[in-house]
2 protein chains.
Amino acid sequence: MLKLSKKTEYAFMAARHLAMNNSGHYSTAKEIADNCQIPYQLVAKVLQNFARNKIATSFQGAKGGYKLNRLPDNISLIDIIKAVEHNYQVTECMQEDNSKSTCSHLDCCKIRDPLIEIQRKIDNVFVQTSLKQIL
Amino acid sequence: MLKLSKKTEYAFMAARHLAMNNSGHYSTAKEIADNCQIPYQLVAKVLQNFARNKIATSFQGAKGGYKLNRLPDNISLIDIIKAVEHNYQVTECMQEDNSKSTCSHLDCCKIRDPLIEIQRKIDNVFVQTSLKQIL
DNA sequence: TTATATACGACTAATTTAGTCTTATTTATT
DNA sequence: AATAAATAAGACTAAATTAGTCGTATATAA
């Protein structure tokens, strides 16, 4: 419990690789998969998420690949997490739009408010850590 | 991802109930299950974990139940989490004894050290929040 | 003796996460 | 024009974790 997903771990690793290799060629999914010893298909998806979320720019075709859009200093871990996860919340009912929460005791729950505070603090840990800090 | 388990949510709720009802009778698993609308068997186990971990004292038999051992001010959320979870780590390799980690790239992992720091910060969130604060 | 409670392990079901497969599209190179 | 190397993306399967149930033993007040 309270575990980061492999997807997020791979995203951190991939972002790190992009940051360390941002001169000359574009880094490819294959290159990162080999270098970090993680499954190719999963890195590929992570990188696609980076591109969709403007963390990186993708170049298709031969000699293609990815490059970061910002300096590592200006990318926080929360950006990376949000790019690859749509559910990074401490409880189900923390969703921004909690109308669709299926929690059966939302109405009688006494611990939701304090947990929102916990959530905020945990968010902050990732907001306040930049990619540069994990190089 | 990064979600608290139901077990932990139930543990927070149960601890809260014990704290709010610590005069006169001992709170029972049934009472808490009914009051918080959570499955009896699960609260029962949570309470057993509290007893084993000296957070509460149990009284067996009719008119039995549980009472907290310390004031809510002196019980931190990390105590509650540790009582019910043996795996509350951000990554598999964060285990105190990481010799039994099965992570295949422990030796080439570049993000472990920064993640240890993240782990420490998240731990702190729970260390620094007392049961009193969620009443 | 009975009713009410905790203690606890084994088991099953449900959900989530991780990983794979397949196909389409883009583009540099030959 | 053909080929090879790359991204794009959805569907699917497998594995692992989490949630919940069942059964049985033990303790104790009435």
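Numbered from 1 within each chain, the chains take letters A, B, ... in sequence-line order. This structure is a prediction, so every number in the text was calculated from the model and none was measured.
Summarising the geometry, the separation between CZ on Phe50(B) and P on dA5(C) is reported as 19 Å, rounded to the nearest angstrom. Going from atom CG of Leu2(B) over to atom C1' of dT18(D) covers 16 Å, rounded to whole Å. Here dT16(C) presents its C1' atom at 11 Å from NZ of Lys7(A), a figure rounded to the nearest Å. Taking atom OH of Tyr88(A) as the reference point, atom C1' of dT16(C) lies 19 Å away to the nearest angstrom. Protein atom CG of Asn87(A) is 12 Å distant from nucleotide atom C1' of dT17(C), rounded to whole Å. Between the CD atom of Glu9(B) and the P atom of dT18(D) there is a distance of 13 Å, given to the nearest Å. For the pair Lys6(B) NZ and dA19(D) C1', the computed distance is 9 Å after rounding to whole Å. The distance between atom CG of Leu42(B) and atom P of dT18(D), rounded to the nearest whole Å, is 14 Å.
When heavy atoms are screened at a 4.0 angstrom cut-off, Tyr26(A) is found touching no nucleic acid atom at all. Residue contacts for Tyr40(A): at a heavy-atom cut-off of 4.0 Å it reaches a base atom on one of the strands shown.
A single hydrophobic cluster is not seen to contain both Leu18(B) and Tyr40(B); linkage of ILVMFWY side chains at heavy-atom distances under 4.5 Å, directly or through other members, places them apart. In terms of hydrophobic clustering, with Ile, Leu, Val, Met, Phe, Trp and Tyr side chains grouped at heavy-atom distances under 4.5 Å, Tyr88(A) and Ile116(A) are assigned to a common cluster.
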(request) List the steps, then state whether side chain to side chain donor-acceptor pair (under 3.5 Å) holds for Ser5(A) with Glu85(A). (result) CA-CA 9 Å; Ser5(A) 66; Glu85(A) 300 282 346; 2.3 Å; yes

(message) Go through it in stages, so that I can follow the logic: the residues are Asn21(A) and Ser27(A), the test is side chain to side chain donor-acceptor pair (under 3.5 Å), and I'd like the CA-CA distance, side-chain angles, deciding distance and then a yes or no.
(response) CA-CA 7 Å; Asn21(A) 299 271; Ser27(A) 302; 5.1 Å; no

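Among the nucleotides dA18(C), dT20(C), dA6(D), the one closest to the side chain of Thr28(A) is dA6(D). With dA3(C), dT27(C), dT21(D) as the choices, the nucleotide that has an atom nearest any side-chain atom of Ala62(A) turns out to be dT27(C). Side chain of Lys45(B), nearest nucleotide from dG10(D), dT6(C), dG9(C): dG9(C). Ranking dT7(D), dC22(D), dG19(C) by closeness to the Gln48(A) side chain, first place goes to dT7(D).
Taking side-chain N and O atoms only, Tyr10(B) has no distance below 4.0 Å to OP1 or OP2 of dT18(D).
Side-chain contact between Leu135(B) and Met20(B): present, with at least one pair of heavy atoms (C-beta onward) separated by less than 4.5 Å.
No donor-acceptor contact under 3.5 Å links the side chain of Lys3(A) to the base of dT18(D).
Within residues 29-39 of chain A, the residues having any heavy atom under 4.0 Å from DNA chain D are, by residue number, Ala29(A). Proximity of residues 54-61 of chain A to DNA chain C (heavy atom under 4.0 angstrom from any strand atom) is restricted to Gln60(A), Gly61(A).
A donor-acceptor pair is defined here as one N or O able to donate and one able to accept, closer than 3.5 Å; no such pair exists between the side chain of Arg16(B) and the backbone of Ile111(A).
Residues Tyr26(A) and Tyr66(A) keep their aromatic ring centres 6.0 Å or farther apart.
Pairing each heavy atom of Asn49(B) with each of Ala83(B), the nearest pair is CB-O, 3.3 Å.
Between the side chains of Asp123(B) and Gln119(B), at least one donor N or O sits under 3.5 Å from an acceptor N or O.
In terms of position on DNA chain D, the residue among Met1(A) and Leu47(A) whose nearest nucleotide sits closer to the 5' end is Leu47(A).
In this structure Tyr10(A) satisfies the ring pair (Phe, Tyr, Trp, His ring centres under 6.0 Å) test with no other residue, sequence neighbours excluded.
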